[in-house]
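Beneath this line is the structure, given in structure tokens, with notes to follow.
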Amino acid sequence: MPGLSAPSDYSREPPRHPSLKINAKEPFNAEPPRAALISSYVTSVDHFYKRNHGPIPIVEDIDRYSVTITGLVEKPKDIFMKDVWSLPKYTVPATLQCAGNRRTAMSKTRKVKGVGWDIAAIGNAVWSGAKLTDVLEYIGIPKLTSVTPLGGKHVEFVSIDKCKEENGGPYKASIPLIQATNPVADVLLAYEMNGEPLNRDHGYPLRVIVPGVIGARSVKWLDSINIIAEECQGFFMQKDYKMFPPSVDWDNINWSTRKPQMDFPVQCAICSLEDINLIKHGKIIIKGYAVSGGGRGIERVDVSIDGGKTWLEASRYQKPGIPYIADDASSDKWAWVFFEAEAEVPQTAEIVAKAVDTAANVQPENVEVIWNLRGILNTSWHRVHVRVGHSNM
């Protein structure tokens with residue numbers, strides 16, 4: 001592509017924050033310390049998890065860079081950054097979460113395949129850019145279109161990023177056209193993250209943000225946008241990121257029997273404590289994040305200090321001084337919610353957290369019932385073990 005290239009090796013990788021826990025070096029996949037997540041409602045770029053499938057693309061000439069919009073449309077077009085910048089700019093606070101978040105806990109039940117993420121393959125950022133609805137309208141597809149006159153029903157995003165799973169081809173994914181053309185869905189072609197231009201790890205110069213959906217659909221380093229009749233047939237849509245039951249293994253899997261995963265289920269995790277934590281006698285503060293897919297708010301977070309026998313309700317908040325009300329206009333519907341509870345911990349304790357969203361979806365108690373061979377969507381109750389002892393804390 002003019003102005004943007006994908007290197008063939010890892011010699012020109014960008015710098016990364018030294019506190020990140022590196023789960024894979026090439027391609028680079030890393031997450032921050034869990035405590036960093038709750039230090040700020042908006043996750044810093046440095047501490048936002050890095051999920052990559054190949055060497056990081058390089059912009060050589062931003063003025064020559066363009067995205068080709070083609071496929072089942074009457075007027076295919078190349079759009080340049082100046083065209084994207086000329087459209088109304090929207091800012092959307094949204095949490096991105098890798099479908100493999102908390103995979104390491106699932107792998108303790110039975111071995112799974114994938115990057116070994118702890119609980120921090122998630123982050124909340126303020127994304128800015130043009131709404132995809134406006135971009136598609138710019139090339140002649142009206143808002144709230146479910147099918148184009150030529151039969152297009154899906155929007156495929158293709159990256160310049162090359163990955164081994166595609167046999168050296170580009171990373172790609174798709175969403176339904178009706179979602180792409182619905183202004184309420186807030187799908188962005190983003191060029192800023194937290195008020196600054198995207199950095200290289202996060203998709204510079206232009207990426208898709210699909211709020212409320214697993215991070216795998218928010219394609220970085222855009223090369224083209226294709227209007228297609230069926231779902232994207234790429235590896236990450238058809239042979240990955242699908243939810244299978246515990247009975248399926250690599251000997252009997254049939255990928256065609258499942259739809260690609262889109263919305264993320266309700267999720268929460270404790271970030272103020274490590275496992276195992278030595279704590280002082282007395283009351284402790286239990287803090288963490290909670291989030292649900294599809295724009296559903298968090299109705300409740302329950303915390304237990306006895307492994308789930310008894311519960312207390314945690315307080316929930318997004319921004320200081322503004323009460324959090326699930327699904328209210330004052331709340332960021334695509335963003336996570338922090339929770340906090342105070343409890344007196346006995347000599348040893350299993351502290352548990354579970355969240356409930358506005359559709360009354362609740363996290364499953366045990367990871368065993370949702371185990372799957374790819375280790376995705378581990379939304380089981382999050383547990384940490386603590387013991388009271390003498391320390392120099």
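The residues of the chain are indexed from 1 along the displayed sequence.
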Grouping I, L, V, M, F, W and Y whenever their side-chain heavy atoms are under 4.5 Å apart, do Ile284 and Val352 come out in a common cluster?
no
Counting N and O atoms only, with roles assigned by atom type, does the side chain of Asp327 sit under 3.5 Å from a partner on the main chain of Gly297, one being a donor and the other an acceptor?
yes
Could you tell me which residues satisfy side-chain hydrogen bond (donor to acceptor under 3.5 Å, both in side chains) with Ser146, sequence neighbours excluded, listed by chain and number?
none
Report the distance from atom CD1 of Ile79 to atom CG of Leu87, rounding to the nearest 0.5 Å.
7.5 Å
Co-members of Ile178 in a cluster of I, L, V, M, F, W and Y side chains, linked at under 4.5 Å
none
Could you identify which residues cluster with Leu20, counting Ile, Leu, Val, Met, Phe, Trp and Tyr as linked when any side-chain heavy atoms lie under 4.5 Å apart, either directly or through a chain of such contacts?
Ile22, Phe28
Can a side-chain donor-acceptor contact be found between Asp78 and Ser66 if the only test is distance below 3.5 angstrom?
no
Kindly compute the distance separating CD1 (Ile376) from SG (Cys98), expressed to the nearest 0.5 Å.
9.5 Å
According to a 4.5 Å side-chain heavy-atom criterion applied to Ile, Leu, Val, Met, Phe, Trp and Tyr, with indirect links allowed, do Val303 and Ile298 form part of one hydrophobic cluster?
yes
Closest contact, heavy atoms only, Pro346 versus Val388:
O-CG2, 3.1 Å
Please indicate whether Arg387 has more than 12 foreign heavy atoms, meaning atoms of other residues, nucleotides or ligands, lying under 6.0 Å from its CZ.
no
Report, as yes or no, whether the 6.0 Å neighbourhood of atom CD on Glu368 holds more than 12 heavy atoms from other residues, nucleotides or ligands.
yes
Between side-chain atoms of residues 189-198 and protein atoms elsewhere (two or more places apart, or another chain), which donor-acceptor pairs fall under 3.5 Å?
| unit_1 | atom_1 | unit_2 | atom_2 | d |
| --- | --- | --- | --- | --- |
| Glu192 | OE1 | Lys89 | NZ | 3.0 |
| Glu192 | OE2 | Lys89 | NZ | 3.1 |
| Asn194 | OD1 | Val126 | N | 2.9 |
| Asn194 | ND2 | Thr43 | O | 2.8 |

About how many Å separate NZ of Lys82 and CD1 of Ile62, when rounded to the nearest 0.5 Å?
12.5 Å
Tell me whether the rings of His17 and His47 are parallel (<30°), tilted (30 to 60°) or perpendicular (>60°).
tilted
Could you tell me whether a side-chain N or O of Tyr241 sits under 3.5 Å from a main-chain N or O of Ala216, the two making a donor and an acceptor?
no
Out of curiosity, does Val266 fall in the hydrophobic cluster containing Val356 (side-chain heavy atoms, cut-off under 4.5 Å, transitive links)?
no
Give a yes-or-no answer on whether the side chains of Asp332 and Tyr41 include a donor-acceptor pair shorter than 3.5 Å.
yes
Ring pair (Phe, Tyr, Trp, His ring centres under 6.0 Å): which pairs involve residues 284-305, sequence neighbours left out?
Tyr289-Trp336
The salt bridge (charged side-chain N to carboxylate O under 4.0 Å, His left out) partners of Arg258 (sequence neighbours excluded) come to none
Should we say atom NZ of Lys153 is surrounded by more than 12 heavy atoms from elsewhere, each under 6.0 Å from it?
no
For Cys268 versus Phe339, what's the shortest heavy-atom pair and its separation?
CB-CE2, 4.2 Å
State whether the number of non-hydrogen atoms from other residues, nucleotides or ligands found under 6.0 Å of Lys164 atom NZ is greater than 12.
no
Set of residues satisfying side-chain hydrogen bond (donor to acceptor under 3.5 Å, both in side chains) with respect to Gln179, sequence neighbours excluded:
none
Residues pairing under ring pair (Phe, Tyr, Trp, His ring centres under 6.0 Å) where one sits in residues 340-371, two or more places apart or in two chains, turn out to be none
Where do Thr91 and Pro93 come nearest, in terms of heavy atoms and distance?
O-CD, 4.0 Å
Identify, with sequence neighbours excluded, every residue that meets salt bridge (charged side-chain N to carboxylate O under 4.0 Å, His left out) alongside Lys21.
none
Between Asp46 and Ser44, do the side chains contain an N or O donor and an N or O acceptor separated by less than 3.5 Å?
no
With Asp302 via side-chain hydrogen bond (donor to acceptor under 3.5 Å, both in side chains) - residues at least two apart
Arg300, Lys354
Under the ring pair (Phe, Tyr, Trp, His ring centres under 6.0 Å) definition, can you give me all pairs with a residue in residues 126-159, not counting sequence neighbours?
Phe48-Trp127
dist Asp161:CG -> Trp221:CH2 (nearest 0.5 Å) comes out at 5.0 Å
Under 4.0 Å between a Lys/Arg side-chain N and an Asp/Glu carboxylate O for Asp240 and Arg374?
yes
So, Asp306 side chain and Ser304 main chain: donor-acceptor pair closer than 3.5 Å or not?
no
For Ser380, what residues pass the side-chain hydrogen bond (donor to acceptor under 3.5 Å, both in side chains) criterion, not counting sequence neighbours?
Asn378
